[in-house]
There are 2 protein chains.
Amino acid sequence: MTIKDIARISGVAVSTVSRVINNHPDVSAESREKVMAVIREHNFIPNNSARDLVRTKSDAVGLIVRGSQNTFFVDIIHSIESALDEAGYTMVMRQIGSNDNEITCAASMERDKRLLGIIFLGGRSDYSPDELAVLSVPYVFCTFTNSYGTLKNTNYSSVSIADEAEAEKAVNELIARGHKQIAALISASDDHSISQLRYLGYVKALKDHGITVDDSLIIRCGTFNMKDAYEATKKKLAEGVRFTAVFAIADNMAIGAMRALREAGIDVPGDCSLISIDGIEVSEYIDPMLSTLTQPMKEMGRKSVEQLSELIGGTGRHSQITVTTSLREGASMRQI
Amino acid sequence: MTIKDIARISGVAVSTVSRVINNHPDVSAESREKVMAVIREHNFIPNNSARDLVRTKSDAVGLIVRGSQNTFFVDIIHSIESALDEAGYTMVMRQIGSNDNEITCAASMERDKRLLGIIFLGGRSDYSPDELAVLSVPYVFCTFTNSYGTLKNTNYSSVSIADEAEAEKAVNELIARGHKQIAALISASDDHSISQLRYLGYVKALKDHGITVDDSLIIRCGTFNMKDAYEATKKKLAEGVRFTAVFAIADNMAIGAMRALREAGIDVPGDCSLISIDGIEVSEYIDPMLSTLTQPMKEMGRKSVEQLSELIGGTGRHSQITVTTSLREGASMRQI
DNA sequence: TTTGTTGCTGGAAACGTTTCCAGTTTCCTT
DNA sequence: AAGGAAACTGGAAACGTTTCCAGCAACAAA
């Protein structure tokens, strides 16, 4: 069943059928009606490959996810997917491991699948303009903002929180509760990553309150995984380092740290307060309930698609959209 | 840059280039060499739309996920995705809400995206042959097995655990610890679903040990969400119902229940033991660590793809693959 | 020598759309 | 009444592949 069959059956030309399908204005109500009826009757669906071929593009948008095992991304992926679907795009998702390069992956997908655009979810955030130049379709960074060249280059789009400021906000909550020995649980990074920015927020909060930054209080782990955070915290505690509070840059990591603290006989929040950033579902169900700065995940996904859609359409300019968190008070910090 | 350009530059015919690209045997080593060099030099990638068009098929496999917010699926999705990628397929994922019909969704994707096959992840498990007949490409059920007509019809493929037997195994663990008032936390279902099968396993375990099944000990909630499980358990407790153990059909639900128990002042495992099925990462980090029957998620994803791949290739027959869980002892059950 | 086989090659028709262009009708303006 | 714009329509070329078919050379078997 092709467009030709539809044309034959409804007694019009192929081009007219095409116009009906694509909602072109230049077709009489009568023809439109007639064709639509036939289309419905045979529930005809146009062949996408042929459309893509002649339009020299597809309706596919790539979603490149780094570290989707982090449940923080699950909600975002979901909202991106439904937003794309609503806008008539097809989502092609690719998860990449720590050894892969997302730009290379994106570039190959872009050509291979003839992508219209790309959304990067949870990426490296230190892409140089040269690196990005290999991409010829619009892209949007979601959950992070590119900070190559210390933010001077703003020729890209993103949706994220203000990492440094939000981290500062979190640490200020701890300081407000009288904490001075505050550990920071961050993921290893020599680049300008989310981790680095949140670390800077941590440093800023301490400095602003006259607390000296003690490098031994920095707990570094390889990834955002619970396991890594657990092990790094455990190791730090085994070294005899002590603190009265922990700021974790992600809920996932906070949950890992909590287990390490528990196993070391350190009570949360009795002996040690804990705060983090993200607001994943499970953080509301564990004991003690995690105090966290929740990110508006649905909104972030939706806005990423909106932005990408505008870039694809040619309308709209690059912009770095910043969304804000809200503090969800759990019970992992001691009372003021 | 098209196949024609490559042909022109390397001084051969278009068809020869095509044969080189597709590894056809009928091409001399010399020509092959020459063409490959040109392809590499211009790093040419064939246009997928055109290939799909002429071959009247694509390389896309659909993944239809019901309830991906359940983190149990995250690992499976990941393994499905990498397995598909390795096998040269493109994954097109669609998440559906509780009001959508996955078959309808699959059918429209199948035609729209020209899918080669479909993997259903976490579905309804009571599809009738008539319903399934609208699909014209092979499909595999992952994490569940179709139980329409009480398992008589085996004309489909699946990868799952033996729900009833595994549930029985879980409940037996509780019985072995001397529990008699055992609640079951299941999701609402009037169909032959995972929930129903696991419920039957629960019933069987009780009956086999001479324990009467008390319907008031069944906690029903709408979905597999933590929130629903939390609220359903809370409600049950508020009604004054008491029990010394809970069997939850999913980790997610167990975590929700744990919070309800905690808030009611019921200690786990002191006053109430808890066991569930799944083995999601976070269940290992909460306090008390959840005792659970872990499903081999990586394996399940990989096997689903393997199976689908064989069905697509025309080799291999339908089969219902059953994988087994292993007990991960946490601390949510009292000691023997 | 003929005949057949094998190995390779090029030409060209398809695949199912979109879109440009030219044409026809209708209807409005002068 | 003539002219032209506007509304609609059909024909056909194009998109970039794959694949069928025919052809050619070389070489073996009769």
Side-chain angles (χ1 to χ4, degrees), chain A residues 1-39 42-60 88 90 108 110-116 136-137, chain B residues 1-39 42-60 88 90 108 110-116 136-137:
Chain A
M1 184 59 56
T2 78
I3 208 177
K4 280 182 197 158
D5 299 315
I6 300 295
R8 189 172 34 73
I9 296 170
S10 33
V12 298
V14 175
S15 39
T16 303
V17 177
S18 175
R19 278 186 281 256
V20 170
I21 292 170
N22 295 285
N23 279 316
H24 275 281
D26 287 356
V27 49
S28 68
E30 188 196 6
S31 302
R32 186 179 300 277
E33 200 62 24
K34 209 163 46 181
V35 172
M36 284 300 279
V38 177
I39 287 180
H42 297 77
N43 60 72
F44 162 78
I45 297 180
N47 181 317
N48 247 309
S49 308
R51 311 183 96 171
D52 290 353
L53 176 59
V54 62
R55 293 194 294 211
T56 60
K57 63 172 193 177
S58 74
D59 62 351
T90 300
S108 92
E110 177 190 318
R111 303 194 56 186
D112 199 23
K113 316 288 179 210
R114 275 179 159 78
L115 299 183
L116 287 179
S136 53
V137 296
Chain B
M1 184 59 57
T2 77
I3 207 177
K4 281 181 197 159
D5 300 315
I6 301 293
R8 190 173 32 72
I9 297 170
S10 32
V12 298
V14 175
S15 39
T16 303
V17 177
S18 175
R19 278 186 281 256
V20 170
I21 292 170
N22 295 285
N23 279 317
H24 274 282
D26 286 357
V27 49
S28 68
E30 187 195 6
S31 303
R32 186 180 299 276
E33 200 62 26
K34 209 163 47 182
V35 172
M36 283 302 278
V38 177
I39 287 179
H42 297 78
N43 60 71
F44 162 77
I45 297 181
N47 181 315
N48 247 311
S49 308
R51 310 183 95 169
D52 290 352
L53 176 59
V54 62
R55 293 194 296 212
T56 60
K57 63 171 193 180
S58 73
D59 63 351
T90 300
S108 91
E110 176 190 319
R111 304 193 57 186
D112 199 25
K113 317 287 180 212
R114 250 117 193 122
L115 300 183
L116 286 179
S136 54
V137 296

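Every heavy atom of this structure was used, including side-chain atoms; hydrogens, water molecules and symmetry mates were not. Numbered from 1 within each chain, the chains take letters A, B, ... in sequence-line order. All values derive from a computational prediction rather than experimental measurement.
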Check your understanding: What one-letter contact string describes nucleotides 12-19 of chain D from 5' to 3', where B marks a base within less than 4.0 Å of any protein heavy atom, S marks contact via sugar-phosphate atoms alone, and - marks no contact?
Key -> ---BBBBB
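- The shortest non-hydrogen separation linking Val35(B) to Ile6(B) is CG1-CG2, 4.2 Å.
- Remark: Ser28(A) is not in phosphate contact with dA7(D), judged by side-chain N or O atoms under 4.0 Å from OP1 or OP2.
- Side chain of Ser10(A) to backbone of Val12(A): no donor-acceptor contact under 3.5 angstrom is found.
- In this entry the distance linking CD of Glu30(B) with P of dA26(D) reads 14 Å, nearest Å.
- Separation of atoms CG (Asn43(A)) and CE (Met1(A)) is listed at 9.0 Å; rounding is to 0.5 Å.
- Pairing each heavy atom of Val17(B) with each of Ile3(B), the nearest pair is CG1-CG1, 3.4 Å.
- Taking atom CZ of residue Arg32(A) and atom P of nucleotide dT9(D), one finds them 9 Å apart after rounding to whole Å.
- When atom types are taken as modelled, the side chain of Asn22(A) and the backbone of His24(A) share no donor-acceptor pair closer than 3.5 angstrom.
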